[in-house]
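Presented below is the structure to which this report refers.
This one's a predicted model, so the numbers in the text were calculated from it and none came from an experiment.
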There are 2 protein chains.
Amino acid sequence: MNNYTDILRAHNLKATPQRLEIANALNVNGHMSIERLYETLLRKFNSISLATIYKNINLMLEAHFIQEVKIPNTKSVYELTKEAHSHLVCDKCGKVEDISLELSSVVQLVNAKSSFNIEKVDLVFSGLCTNCQ
Amino acid sequence: MNNYTDILRAHNLKATPQRLEIANALNVNGHMSIERLYETLLRKFNSISLATIYKNINLMLEAHFIQEVKIPNTKSVYELTKEAHSHLVCDKCGKVEDISLELSSVVQLVNAKSSFNIEKVDLVFSGLCTNCQ
DNA sequence: CTCTGTGCAAAGCGTTTGCAAACGA
DNA sequence: TCGTTTGCAAACGCTTTGCACAGAG
């Protein structure tokens with residue numbers, strides 16, 4: 001059981017019930033779109049506003065408490081910030097999974113091959129999940 | 001000098017002056033946002049409509065003549081379809097560059113580690129380009 | 001008690017649609 | 001000529017903003 005109250009405060013965000021529930025929903029579901037987050041929170045707060053979702057998502061993004069995951073051909077989903085990882089997306093059902101990969105050698109190669117100084121890698125694999133294959 | 005007339009037709013798209021100019025602009029600039037594409041085409045067609053840009057971008061995407069590149073924290077850019085490659089993005093000036101990387105071993109690893117059947121890899125490196133370092 | 005967050009309604013903005021005229025093949 | 005494309009204006013949908021009241025600290 002997570003105590004997001006303290007974690008939110010550590011990110012300079014007041015621990016309102018709505019925010020705690022966003023954190024909890026993301027923790028349970030892993031990755032959620034704005035739409036799904038809204039539907040989910042509606043079950044708990046029957047008069048929550050979409051504006052509240054948007055305001056909180058934006059504040060949480062600024063505070064680096066959550067992160068946006070951009071996926072080809074679909075709308076973005078959001079996840080709690082955690083250690084660097086890559087994503088697997090099912091082309092058919094849209095399921096998103098995390099996967100940990102050791103990418104330092106790739107980054108090293110890119111730093112050598114290009115004139116960029118790489119700080120971040122965003123890697124999305126698309127294909128079919130077990131159920132959809 | 002490219003003859004996009006035939007290439008567009010090969011994708012079942014009529015070769016209108018507006019489309020030829022979109023193809024040409026993407027070829028010259030590599031990666032462009034809708035906004036920049038519009039500004040650029042305005043110089044050649046002083047009464048071109050944003051709707052024309054959108055309609056053509058969507059048709060060209062469906063025809064796989066062009067592709068969308070989703071970039072963290074920024075709006076998407078579009079590029080002519082070419083061999084698979086990854087992208088380098090400058091966090092400061094927004095410049096986007098292509099880089100060819102051999103990713104088959106990574107895909108193989110992911111196929112082994114996960115239950116997904118991977119078909120596509122989208123890889124974006126973020127950092128600072130030479131000018132911005 | 002003070003300041004921030006919430007919910008509602010309105011505004012904003014990027015994108016799409018409908019239509020008549022123009023154009024490509 | 002026939003079907004498609006263009007440009008314009010209106011419509012749309014997602015996101016943001018303003019404001020009064022409620023709630024966290």
Side-chain angles (χ1 to χ4, degrees), chain A residues 3-25 32-63 65-78 94, chain B residues 3-25 32-63 65-78 94:
Chain A
N3 181 1
Y4 285 113
T5 299
D6 293 339
I7 304 179
L8 281 168
R9 287 185 189 149
H11 287 268
N12 292 307
L13 296 168
K14 284 194 180 181
T16 67
Q18 291 85 343
R19 287 177 184 169
L20 289 169
E21 195 52 31
I22 290 176
N24 182 58
M32 300 176 83
S33 64
I34 295 283
E35 191 185 9
R36 193 144 91 83
L37 215 32
Y38 179 54
E39 290 165 358
T40 303
L41 288 235
L42 260 184
R43 289 183 215 125
K44 209 135 197 167
F45 310 96
N46 56 8
S47 69
I48 195 175
S49 164
L50 245 184
T52 298
I53 305 281
Y54 278 110
K55 285 171 186 167
N56 283 326
I57 287 295
N58 287 333
L59 286 170
M60 289 172 165
L61 283 172
E62 284 168 29
F65 175 68
I66 64 171
Q67 287 182 310
E68 181 178 3
V69 184
K70 291 201 176 190
I71 300 172
N73 315 313
T74 339
K75 62 187 82 173
S76 292
V77 293
Y78 300 85
Chain B
N3 181 1
Y4 285 113
T5 300
D6 293 340
I7 306 180
L8 282 167
R9 288 186 188 147
H11 287 268
N12 291 307
L13 296 167
K14 282 193 182 180
T16 67
Q18 290 86 342
R19 288 178 184 167
L20 289 170
E21 195 52 30
I22 290 176
N24 183 57
M32 299 175 85
S33 65
I34 295 284
E35 191 186 10
R36 193 145 89 86
L37 215 31
Y38 179 53
E39 290 165 358
T40 304
L41 288 236
L42 260 184
R43 288 184 216 123
K44 207 134 196 168
F45 308 97
N46 56 7
S47 70
I48 195 174
S49 164
L50 246 184
T52 299
I53 305 281
Y54 278 110
K55 286 170 186 167
N56 283 327
I57 288 294
N58 287 334
L59 286 170
M60 288 174 167
L61 283 172
E62 284 167 31
F65 175 68
I66 64 172
Q67 288 183 311
E68 182 178 2
V69 183
K70 290 200 177 191
I71 299 172
N73 314 314
T74 340
K75 60 189 82 172
S76 292
V77 293
Y78 299 87

Rounded off to whole Å, could you give me the CG-to-P distance for the A:N58 and C:dG5 pair?
13 Å
Without decimals, in angstroms, what is the distance between B:I57 CD1 and C:dT16 C1'?
14 Å
Please report the distance, rounded to the nearest Å, between CG in B:L59 and C1' in C:dT16.
12 Å
So which protein N/O to nucleotides 7-10 of chain C N/O distances come out below 3.5 Å?
from: C:dG7; atom 1: OP1; to: A:Q18; atom 2: NE2; distance (Å): 3.4
from: C:dG7; atom 1: OP2; to: A:S49; atom 2: N; distance (Å): 3.4
from: C:dG7; atom 1: OP2; to: A:T52; atom 2: OG1; distance (Å): 2.9
from: C:dG7; atom 1: O6; to: A:K55; atom 2: NZ; distance (Å): 2.6
from: C:dC8; atom 1: OP2; to: A:S47; atom 2: O; distance (Å): 3.1

Please state how far atom CG in B:L20 lies from atom C1' in C:dC23, giving the value in whole angstrom units.
13 Å
According to salt bridge (charged side-chain N to carboxylate O under 4.0 Å, His left out), does anything in residues 47-60 of chain A pair up with another residue at least two apart or in another chain? List the pairs.
none
According to side chain to side chain contact (heavy atoms under 4.5 Å, CB included), who are the partners of B:N56, at least two apart in sequence or on a separate chain?
B:Q18, B:R19, B:I22, B:T52, B:L59
Looking at residues at least two apart in the chain, or sitting in another chain, which of them share a salt bridge (charged side-chain N to carboxylate O under 4.0 Å, His left out) with A:K14?
none
Whole angstroms only, please: what is the CD1-P distance between A:I53 and D:dG13?
20 Å
Could you tell me which residues satisfy salt bridge (charged side-chain N to carboxylate O under 4.0 Å, His left out) with B:K75, sequence neighbours excluded, listed by chain and number?
B:E35
What is the distance, to the nearest angstrom, from the CG atom on A:N56 to the C1' atom on C:dG5?
8 Å
Output for pair (A:Y4 OH, A:R9 CZ), nearest 0.5 Å, gives 15.5 Å
Interatomic spacing from CG in A:L42 to OG in A:S49 - rounded to 0.5 Å
9.5 Å
Return a single string for nucleotides 20-25 of chain D, one symbol per nucleotide in 5' to 3' order, where B is base contact, S is sugar-phosphate-only contact and - is none, cutoff 4.0 angstrom on heavy atoms.
---BBS
Indicate yes or no: at least one non-hydrogen side-chain atom of A:F45 is less than 4.5 angstrom from one of A:E21.
yes
Does anything in residues 69-77 of chain A reach DNA chain D, meaning a heavy atom under 4.0 Å, and if so which residues?
none
Distance in angstrom units between B:N46 CG and D:dT6 P, rounded:
16 Å
Going by number, which of residues 33-44 of chain B have a non-hydrogen atom under 4.0 Å from DNA chain C?
none
Partners passing side chain to side chain donor-acceptor pair (under 3.5 Å) against B:D6 (at least two apart in sequence or in another chain)
B:N3
To the nearest Å, how far apart are B:E62 CD and C:dT16 P?
10 Å
For B:E62, check side chain to side chain donor-acceptor pair (under 3.5 Å) against everything at least two apart and list the hits.
none
Could you check if a side-chain atom of A:L37 sits within less than 4.5 angstrom of a side-chain atom of A:M32, using non-hydrogen atoms only?
yes
Under the side chain to side chain donor-acceptor pair (under 3.5 Å) test, residues paired with A:T74 that sit two or more places apart
none
Rounded to the nearest 0.5 Å, how far apart are CE of B:M60 and CD1 of B:I57?
6.5 Å
Sequence neighbours excluded, which residues qualify as side chain to side chain donor-acceptor pair (under 3.5 Å) partners of A:E68?
A:S76
